[in-house]
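The structure appears below as structure tokens.
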Amino acid sequence: MKRSPPSKEDLLKEEYVTTLTYFLRDSSVYDCLSINNQVSVVDMTLSLFDTFKIFIDSHVDEVLFWNQEIANYDGVFTQTDLIKTVLKCYYNVLYEIPNIWATNNIAAIIEMENEDESYSPIKRTIYGRLTIDQFNQLLQDFKNISIKAWFNSVGENLHQNCLIKAELDENLNDVCQKFITENITRIIVIEKESKMVAGIIQQKDILSFLVKGFNQYFALKKQQNKITTTNHEQHELQMEYFKEEAQKLKQSLPADIPVYDLFYKLIYIYKRNTIAIVDKNNKYLGLIDRRDFLFILKYQMFDILASTAEKFLSLIKTEDSKYLAYYIRNKQQFTFNQTIKQVVENLLLSPRGSLVCLDNEQRLISIFQISDLFKIFVTDNENQEICGQ
């Protein structure tokens with residue numbers, strides 16, 4: 001049977017992804033590393049409380065650890081680590097489990113936790129709020145336990161072999177591959193000769209660089225007769241051509257789920273940055289992002305962990321409304337009729353780095369975050385390379 005020739009739209013999509021790939025290969029980490037790139041460094045003896053305060057006050061997504069013994073960076077603590085730590089400490093205090101194991105009770109604690117199989121209250125049906133004594137104990141633990149002591153206690157590694165790195169002269173296409181294969185949103189940038197940290201590159205840095213530089217690159221390749229479509233045509237490529245992949249991304253949770261379970265599932269099960277909250281009729285209510293967890297720490301509202309996602313969503317919407325920038329940058333939705341360029345620009349303007357697509361009845365069709373763009377384009381890129389061999 002004779003195969004029909006590819007449509008103009010299929011050729012446009014293929015050439016768009018190909019041009020994008022060449023652009024990334026021709027660009028280095030140095031080209032898109034932000035001049036305002038901020039690296040926060042802490043000593044591993046810093047308390048959990050003081051580490052949390054850095055996240056709240058400095059609005060950073062991660063901090064690097066400095067090891068005086070080796071005179072170099074020796075680990076990273078991210079927002080994900082922060083959420084895991086608070087959830088674990090909260091659970092331990094609620095159920096009277098010590099947050100730091102003394103030498104003489106390690107075996108007892110291990111046996112206790114093995115009986116539960118998980119420290120998620122998803123497996124426990126009784127929810128309770130912290131008593132005043134438990135609240136004070138939780139704050140005291142945060143202030144007394146160092147980052148190093150905490151990681152040693154839970155048996156997790158915070159040292160250099162956990163760091164995903166890239167060098168300044170590494171091409172961006174290879175860096176994008178690392179983002180996908182390692183399922184991460186940031187990479188530590190190393191200066192080749194000194195082996196010191198030059199900064200941290202995030203997925204949004206690469207997207208911002210694409211928005212600024214892709215036009216000029218495309219025009220240059222057009223002059224060299226290496227592409228056949230026009231700049232206008234490529235920028236008119238709609239999200240419709242990636243609809244099949246995008247519609248698979250519709251993770252949501254019900255409005256009545258406890259906030260503890262919401263963040264537990266976001267981190268451990270969905271492993272995403274953002275989740276949509278829907279009512280009992282599956283209508284969209286709003287987005288909750290990992291960064292929203294800082295609201296709980298900022299105001300020490302640990303009881304909200306036993307409340308519902310709907311109540312928490314209302315609180316963070318009120319908090320967001322205090323800031324003028326929220327209204328200026330409040331991009332939340334996209335449609336499949338929009339161009340890829342429009343969606344990318346709106347993703348960068350979105351306060352939570354995510355956009356949702358809704359039907360006429362406000363039901364969720366798709367939730368699209370920055371990392372999803374990388375997965376779609378890198379997958380298409382790999383498929384084209386395989387077919388071309």
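- Under the 4.5 Å side-chain criterion, counting only non-hydrogen atoms from C-beta, Ile316 is in contact with Arg352.
- With rounding to the nearest 0.5 Å, the separation of CG in Asp141 from CG in Asn99 is 4.5 Å.
- With values rounded to the nearest 0.5 angstrom, Ser371 atom OG is found 7.5 Å from Ile180 atom CD1.
- In this model, no donor atom of one side chain and acceptor atom of the other lie less than 3.5 Å apart for Glu240 and Asn337.
- Gln140 places no side-chain N or O within donor-acceptor distance of the main-chain N or O of Gln137, the cut-off being under 3.5 Å.
- The structure places OH of Tyr95 at 10.0 Å from CD of Gln134, a figure rounded to the nearest 0.5 Å.
- Not one N or O on the side chain of Asn281 forms a donor-acceptor pair closer than 3.5 Å with the backbone of Lys283.
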Check the pair Ile365, Gln247 against side-chain contact (heavy atoms from CB on, under 4.5 Å), reporting the backbone distance first and the verdict last. CA-CA 6 Å; Ile365 297 176; Gln247 283 185 321; 3.9 Å; yes
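- Note that CD of Glu245 and CZ of Phe368 are 8.5 Å apart. Values are rounded to the nearest 0.5 Å.
- At distances below 3.5 Å, at least one donor-acceptor pair connects side-chain atoms of Gln342 with backbone N or O atoms of Thr339.
- Ile257 and Leu287 are not part of a single hydrophobic cluster, where members link through side-chain heavy atoms under 4.5 Å apart.
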Set out, in order, the CA-CA distance, both residues' side-chain angles and the distance that settles side-chain contact (heavy atoms from CB on, under 4.5 Å) for Ile200 and Glu62, then state yes or no. CA-CA 9 Å; Ile200 295 174; Glu62 66 285 306; 3.3 Å; yes
Begin with the C-alpha distance, continue with both residues' side-chain angles, and end with the deciding distance and a verdict on side-chain contact (heavy atoms from CB on, under 4.5 Å) for Ile147 and Val63. CA-CA 11 Å; Ile147 290 289; Val63 296; over 6 Å; no
side-chain contact (heavy atoms from CB on, under 4.5 Å) between Thr335 and Met239, intermediate numbers included: CA-CA 8 Å; Thr335 69; Met239 279 297 297; over 6 Å; no
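- With hydrophobic clusters built from ILVMFWY side chains whose heavy atoms lie under 4.5 angstrom apart, Val356 does not share a cluster with Ile340.
- With a 4.5 Å cut-off on side-chain heavy atoms, Asp61 and Arg291 count as touching.
- The two residues Ser40 and Val60 have their closest heavy-atom pair at OG-CG1, 3.4 Å.
- Using a 4.5 Å cut-off between side-chain heavy atoms of Ile, Leu, Val, Met, Phe, Trp and Tyr, with links allowed through other members, Ile367 and Tyr270 fall into different hydrophobic clusters.
- Heavy-atom contacts from other residues, nucleotides or ligands closer than 6.0 Å to CZ of Phe295 number more than 12.
- Leu358 and Leu347 are members of different hydrophobic clusters when ILVMFWY side chains are connected at heavy-atom separations under 4.5 Å.
- Ion pairing between a basic and an acidic side chain is recognised when a charged N comes within 4.0 Å of a carboxylate O; Asp57 and Lys53 show such pairing.
- Formation of a donor-acceptor pair under 3.5 Å by the Asp50 side chain with backbone atoms of Ser47 is not found in this model.
- Of all the heavy atoms in Ser307 and Arg129, the pair that sits closest is CB-NH2, 4.4 Å.
- Taking the side chain as every heavy atom from C-beta outward, Val278 and Leu285 never approach each other to under 4.5 Å.
- Here the closest non-hydrogen pair linking Glu319 and Tyr299 is OE2-OH, 3.0 Å.
- With contacts defined as side-chain heavy-atom distances shorter than 4.5 Å, the pair Gln203/Gln369 does not qualify.
- Taking the six-membered ring for Trp and the full ring otherwise, the centers of Phe52 and Phe142 sit less than 6.0 Å from each other.
- Ile277 has its side chain out of reach of Glu310: every pair of non-hydrogen atoms, C-beta onward, lies at least 4.5 Å apart.
- Of the N and O atoms on the side chains of Asn136 and Asp133, not one donor lies less than 3.5 Å from an acceptor on the other residue.
- For Thr274 and Asp289, the side-chain atoms include at least one donor-acceptor pair closer than 3.5 Å.
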Side chain to side chain donor-acceptor pair (under 3.5 Å) between Thr45 and Asp43, intermediate numbers included: CA-CA 5 Å; Thr45 60; Asp43 190 278; 2.6 Å; yes
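- Lys178 approaches Glu170 most closely through the heavy-atom pair NZ-OE2, 3.0 Å.
- Within the model, atoms OG of Ser350 and CD of Glu345 stand 14.0 Å from one another, a figure rounded to the nearest 0.5 Å.
- Panel note: side chain Asp81, backbone Thr78; a donor-acceptor pair is recorded below 3.5 Å.
- Thr308 is not listed as a side-chain neighbour of Pro258, based on a closest heavy-atom distance of 4.5 Å or more.
- Between Ile164 and Ile187, the closest heavy-atom pair is O-CG2, 3.4 Å.
- Using modelled atom types, no side-chain atom of Arg186 and backbone atom of Phe179 make a donor-acceptor pair closer than 3.5 Å.
- Between the side chain of Thr181 and the backbone N or O of Gln177, at least one donor-acceptor pair lies under 3.5 Å.
- Looking only at side-chain heavy atoms (C-beta outward), Leu210 and Leu24 come within less than 4.5 Å of each other.
- Relative to the ring axis of Phe336, Lys243 places its NZ or CZ within 45° and under 6.0 Å from the centre.
- A distance below 6.0 Å separates the ring centres of Phe209 and Phe23.
- Here the shortest heavy-atom pairing between Phe312 and Asp292 reads CZ-O, 3.4 Å.
- Defined by atom type and a distance below 3.5 Å, a donor-acceptor pair is missing between the side-chain atoms of Ser208 and Asp205.
- With values rounded to the nearest 0.5 angstrom, Asp261 atom CG is found 12.5 Å from Tyr268 atom OH.
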For a salt bridge (charged side-chain N to carboxylate O under 4.0 Å, His left out) check, start with the C-alpha distance between Asp256 and Lys311, then their side-chain angles and the critical distance, and finish with the verdict. CA-CA 9 Å; Asp256 59 354; Lys311 174 69 178 298; over 6 Å; no
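- Two residues are said to be in side-chain contact when any heavy atoms from C-beta on lie closer than 4.5 Å; Phe263 and Lys84 fail this criterion.
- Using a 30° and 60° split on the angle between ring planes, Phe65 and Phe151 fall in the perpendicular class, above 60°.
- A single hydrophobic cluster is seen to contain both Val86 and Leu48, as judged by linkage of ILVMFWY side chains at heavy-atom distances under 4.5 Å, directly or through other members.
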